[in-house]
Amino acid sequence: MISHWVKRANSTHSAIGLQNYSPLTGKKTKKMRVLGIETSCDETGVALFDSDQGLLGHAVHSQTEIHAEFGGVVPELASRDHVRKVLPLLRGLFHETGIERQTIDGIAYTAGPGLVGALLVGAAVGRSLAWAWKVPAVAVHHMEGHLLAPMLESEPPAFPFVALLVSGGHTQLVHVAGIGCYQLLGESLDDAAGEAFDKTAKLLDLPYPGGPELAKLAESGNPDRYHFPRPMVDRPGLDFSFSGLKTFALNTLQDAKEREGGNLSAQTVADLSRAFEDAVVDTLLIKCRRAVRQTNSKTLVMAGGVSANRRLRRRIGEMMAKEGGAAYYPRPELCTDNGAMIAYAGCQRLLGGTDEPLSFSARPRWPMESLEAVSSETN
Ligand code: KG4
Ligand code: ZN
C-alpha cells in the first residue's frame with residue numbers, strides 16, 4: 001500500500017488568495033471545504049481541499065500489487081479493492097488531518113471516464129456520505145481533475161492556457177479558457193501515450209506498471225544506439241498516433257534478440273527504453289510547440305500520469321522557456337491518479353453553484369468538451 005500524507009497549515013493558496021476568487025470572473029467567492037474521492041481505475045484516492053487553506057491532506061492506495069501478476073488492470077479486482085479500501089482510507093484521512101467531518105461543505109467524486117464498476121464505488125460512497133451529512137455532492141470528470149491539478153501548486157497557471165493531458169487512457173491537447181471551457185485541439189487517434197509506454201514495457205518484459213519502469217531504465221540507456229520514428233510530426237494538425245511506435249519497438253526488439261542469441265542484455269533493454277522514451281517525448285514536444293504557436297499561448301500546462309516523466313518535464317520546460325513562456329505541471333504524486341485533483345475540481349464546481357440531484361450514474365465515456373463552464377458569481 002502506498003499512501004502519501006500532506007499537511008499544510010498555511011497553504012500558499014491562501015497567501016496568493018487564488019481560491020477566494022473565481023478563476024473566471026475574478027470576483028470573490030465564498031469559502032468551501034470539500035472531500036474528494038477518486039476510484040476510476042486502479043488507485044483509490046481521497047483528499048480534503050479547502051478553498052481558503054488549500055490542500056489539507058490526501059491519501060492514495062495503489063492496487064499495483066493486485067494487478068501485477070496479470071500484467072494489467074483487471075476491472076473486477078479493481079472494483080472489489082476500491083470497496084475494501086475506500087472507507088479505511090477516508091477514516092485515515094480524517095484521523096491524520098484532525099479535520100472534523102462536520103466542517104465538510106461538499107463531496108466530489110469521479111464519475112467518469114473510467115472503469116464502470118470502479119467508478120460506481122466512489123459514486124455510491126460519495127453520494128451516500130453527502131446524503132447522510134446533508135451536504136451537496138458533485139460528479140467530477142477525471143480528466144478535468146488532471147487538468148486542474150497544477151492549480152494545487154504554489155505557482156498555479158493563469159487562464160487561458162494550452163493543456164497537454166497525457167495519461168494511460170488519454171493523450172489530448174486542449175485549449176482552456178477557464179474551468180469548464182475546453183476546446184479539444186488534438187488527440188491520439190489510437191493508443192494513449194501512457195498506454196504506449198505500458199505496452200512497450202510489456203514487450204521488454206518489464207514489471208507492471210510498465211511506464212515508470214521503462215522511464216527508470218531509459219536513464220541508463222544510450223541515446224545514440226537506436227532511433228525510433230516520431231509519428232505524425234511531419235503532418236499538419238495536432239493529433240497523435242502511438243500504436244506504430246509500439247510495433248516499431250517490437251520489430252527492433254526482435255532483431256536485437258536474434259543478434260543477442262535469444263535474450264536481450266540489460267544494456268539493450270535500457271537502450272531500447274531510451275529510444276522509445278525519446279521518440280514519445282519529441283513527438284509530444286513538437287505538437288505542444290505547434291499548439292502554443294497556433295493559439296498564441298505563452299502558458300502550457302501538462303498533467304496526467306505521463307507528466308510525471310522527468311525527461312518530458314525537463315524538455316517541455318526548456319521548450320516553453322525558448323518560446324518566451326512557461327510550462328506548469330503538478331508535483332509527481334499529483335500527476336498520477338489522486339483524490340486531491342478531484343476535491344479541487346469539485347470545489348470549483350460547487351463554488352460555481354453546481355447543484356445536482358440525488359440520483360447518480362457513472363459515465364465510462366464522457367467527452368470533456370460537454371462539461372458546463374463554471375461561473376463562480378454566486379455569493
Ligand atoms: O493518470 P494516470 O495515473 O491514470 C490514468 O488516468 O490513466 O496515468 C497512468 C499512466 C500509465 O500509463 C503509466 O505508465 C504512466 O501514466 N506513467 C508514466 C510515468 N509515470 C506514470 N509514463 C512514463 N513515465 C513515467 N514516469
Ligand atoms: Zn488519471
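As the structure lists them, so they are numbered: ligands from 1, and atoms in each ligand from 1. As the structure is a computational prediction, the values presented were derived from the model and not from experiment.
- Of all the heavy atoms of His170, none lies under 4.0 Å from any atom of ligand 1, so neither backbone nor side chain is involved.
- Closest protein heavy atom to atom 24 (N) of ligand 1: Asn309 ND2, 3.1 Å.
- For ligand 1, the polar-atom distance check finds an N/O of Gly194 within less than 3.5 Å of one of the ligand's N/O atoms.
- Considering each of Asp337, Val73, Asn338, the one bringing a non-hydrogen atom nearest atom 3 (O) of ligand 1 is Asp337.
- With hydrogens and angles disregarded, no donor-acceptor distance shorter than 3.5 Å links the side chain of Asp271 to the backbone of Arg225.
- Tested against Glu323, the residues Arg293, Lys298, Arg290 include a single salt bridge (Lys or Arg N to Asp or Glu O under 4.0 Å) partner, Arg293.
- Listed by number with element, the atoms of ligand 1 under 4.0 Å from a non-hydrogen atom of Val306 are 15 (C), 16 (O), 18 (C), 22 (N).
- Every N/O-N/O distance between Gly304 and ligand 1 stays at or above 3.5 Å.
- At a cut-off of 2.8 Å, His170 is not counted among the residues with an N, O or S atom near the Zn ion (ligand 2).
- The environment of Arg101 atom CZ is dense: over 12 non-hydrogen atoms of other residues, nucleotides or ligands sit within 6.0 angstrom.
- Under 4.0 Å from ligand 1, the heavy atoms of Asp198 that appear belong solely to its side chain.
- Counting backbone and side-chain atoms alike, His146 contributes an N/O/S atom closer than 2.8 Å to the Zn ion (ligand 2).
- Short contacts between ligand 1 and Gly169, defined as distances under 4.0 Å to a heavy atom of the residue, involve ligand atoms 7 (O).
- On a distance-only criterion, Gly305 and ligand 1 share at least one N/O pair closer than 3.5 Å.
- Taking every heavy atom of Thr336 and a limit of under 4.0 angstrom, the matching atoms of ligand 1 come to 3 (O).
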After noting the C-alpha distance and the side-chain angles of Arg127 and Ser359, does the key distance pass the side-chain hydrogen bond (donor to acceptor under 3.5 Å, both in side chains) rule?
-> CA-CA 8 Å; Arg127 285 273 161 195; Ser359 61; over 6 Å; no

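- Each of Asp198, Asp190, Asp191 was scored for a side chain to side chain donor-acceptor pair (under 3.5 Å) with Lys246, with one residue passing: Asp191.
- On a distance-only criterion, Glu43 and ligand 1 share no N/O pair closer than 3.5 Å.
- Contact atoms of ligand 1 toward His142: 6 (O) (distance under 4.0 Å to a heavy atom of the residue).
- Among heteroatoms of the N, O or S kind in Asp337, OD1 lies nearest the Zn ion (ligand 2).
- Tested against Arg349, the residues Glu144, Glu372, Glu356 include a single salt bridge (Lys or Arg N to Asp or Glu O under 4.0 Å) partner, Glu144.
- For ligand 1, the atoms closer than 4.0 angstrom to any heavy atom of His146 are 1 (O), 6 (O).
- No more than 12 heavy atoms of other residues, nucleotides or ligands sit less than 6.0 Å from atom CD of Glu100.
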Full working for salt bridge (Lys or Arg N to Asp or Glu O under 4.0 Å) between Lys322 and Glu318 | CA-CA 6 Å; Lys322 266 196 207 147; Glu318 288 165 1; over 6 Å; no

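- Taking the six-membered ring wherever Trp is involved, the centroid distance between the rings of Phe70 and Tyr208 does not fall below 6.0 Å.
- Contact atoms of ligand 1 toward Gly168: 5 (C), 7 (O), 8 (O), 9 (C), 10 (C), 12 (O) (distance under 4.0 Å to a heavy atom of the residue).
- Side-chain atoms of Ser62 come within 3.5 Å of backbone N or O of Thr64 as a donor-acceptor pair.
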Could you check Thr295 against Ser297 for side-chain hydrogen bond (donor to acceptor under 3.5 Å, both in side chains), going step by step and ending with a plain yes or no?
-> CA-CA 5 Å; Thr295 54; Ser297 300; 2.8 Å; yes

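- Heavy atoms of Pro212 come nearer than 4.0 angstrom to ligand 1 in at least one pair.
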